[in-house]
Amino acid sequence: SPLSAQAIADLTKQTQLSPSFEKDDAIFAMLPAEVQEKGSLDVALANGIAPVNFPGDTAEDVRGLTPDLVSALEQIMGVAFDTTVFPNTASQLLALDSGQIDLTVSTNADSAEREKSYTFVDYIRADNSIVVAKGNPLGIEKAQDVCGMTYGEVKGSYSIFSTLETVCADAGL
């Protein structure tokens with residue numbers, strides 16, 4: 001039966017995919033011996049941006065594309081992903097640095113600075129947008145129109161601040 005409007009608004013009621021892949025022995029053979037022996041990897045997840053990763057019924061439940069990808073990777077690689085939900089990118093990267101986790105599968109933005117310390121496998125493309133109040137009461141039409149204004153960014157996401165600084169400086173604003 002079709003979902004009600006209330007169930008559609010509650011993303012935790014959306015159907016979660018159940019990927020079904022065979023283990024790829026060639027990929028399993030590429031894993032370090034200690035991972036093959038342990039049979040698992042410690043993996044960070046986060047709740048953030050629907051439909052990629054969003055809260056499920058509990059604080060430890062992540063729904064969306066990310067858990068679908070994790071499930072598929074577990075099957076293909078032939079190892080379990082022991083997941084822990086972290087609140088943000090910064091905490092995931094600290095956990096990676098400290099050896100608490102082996103990898104993250106999340107909406108961690110890739111940047112030239114982060115590439116100096118981490119290897120990224122980009123699996124989704126997201127674009128940045130400037131979002132304004134309904135009806136655009138400030139008349140923002142282009143990037144220069146935000147020069148001198150206060151704005152917010154998602155913590156841990158790719159920052160456009162340096163780009164805006166350049167745009168504003170080039171415009172003499």
> The criterion is side-chain contact (heavy atoms from CB on, under 4.5 Å); which residues satisfy it with I140, sequence neighbours excluded?
V132, N136, L138, D145, V146, M149
> Evaluate side chain to side chain contact (heavy atoms under 4.5 Å, CB included) for F86 paired with T104, printing each intermediate quantity in order.
CA-CA 10 Å; F86 286 82; T104 75; over 6 Å; no
> What I'd like to find out is whether the side chain of L45 reaches to under 4.5 Å of the side chain of T66, using heavy atoms alone.
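Yes, side chains in contact.
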> May I ask you to test the N53-R63 pair for a side-chain heavy-atom distance under 4.5 Å?
no
> Return the CZ to CZ distance between F120 and R114, rounded to the nearest 0.5 Å.
6.0 Å
> When hydrophobic residues are tied together by side-chain contacts of less than 4.5 Å, even through go-betweens, does V131 share a cluster with F161?
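Different hydrophobic clusters.
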> Going by the side chain to side chain contact (heavy atoms under 4.5 Å, CB included) test, name the single residue among V105, V85, V52, T83 that passes it with V62.
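Exactly one option meets the side chain to side chain contact (heavy atoms under 4.5 Å, CB included) with V62, and it is V85.
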> Going by the side-chain hydrogen bond (donor to acceptor under 3.5 Å, both in side chains) test, which pairs reach into residues 91-100, not counting sequence neighbours?
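Output for this query lists N88-S91, Q92-S106, Q92-N108, D97-Y118.
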> With hydrophobic residues grouped by side-chain heavy-atom distances under 4.5 Å, do V70 and L41 end up in a single group?
yes
> Taking atom CZ of F81 and atom CG of L73, what is their separation to the nearest 0.5 Å?
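Here the rounded value is 5.0 Å.
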> How many angstroms lie between atom CD of E165 and atom SG of C168, to the nearest 0.5 angstrom?
8.5 Å
> Roughly how far, to the nearest 0.5 Å, is CG of L164 from CG of L173?
11.5 Å
> Measuring from atom CZ of F28 to atom CE of M77, what distance do you get when rounded to the nearest 0.5 angstrom?
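Reported value, rounded in 0.5 Å steps: 9.5 Å.
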> Within the distance-only criterion (no hydrogens, no angle test), does the side chain of T119 pair as donor or acceptor with the backbone N or O of E115 below 3.5 angstrom?
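No, T119 side chain to E115 backbone: no donor-acceptor pair under 3.5 Å.
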> Taking the side chain as C-beta and beyond, is there a heavy-atom pair between E74 and V79 under 4.5 Å?
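Side chain of E74 against side chain of V79, heavy atoms only: no contact under 4.5 Å found.
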> Under a 4.5 Å side-chain heavy-atom rule over Ile, Leu, Val, Met, Phe, Trp and Tyr, are V35 and V121 clustered together?
no
> In terms of hydrophobic clustering (I, L, V, M, F, W, Y; side-chain heavy atoms under 4.5 Å; direct or indirect links), are L31 and F21 co-clustered?
yes
> For a 4.5 angstrom cut-off between non-hydrogen side-chain atoms, does L65 reach F54?
no
> How many angstroms lie between CD in E22 and CD in Q75, if you round to the nearest 0.5 Å?
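Reported value, rounded in 0.5 Å steps: 8.5 Å.
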> Report whether I27 and L103 are members of the same hydrophobic cluster (ILVMFWY, side-chain heavy atoms less than 4.5 Å apart, transitive linking).
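Yes; L103 is reachable from I27 via cluster members.
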> Is L94 isolated, or which residues cluster with it under the ILVMFWY side-chain rule of less than 4.5 Å, directly or via members?
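Reading the cluster by chain and number, L94 sits alone, since nothing else belongs.
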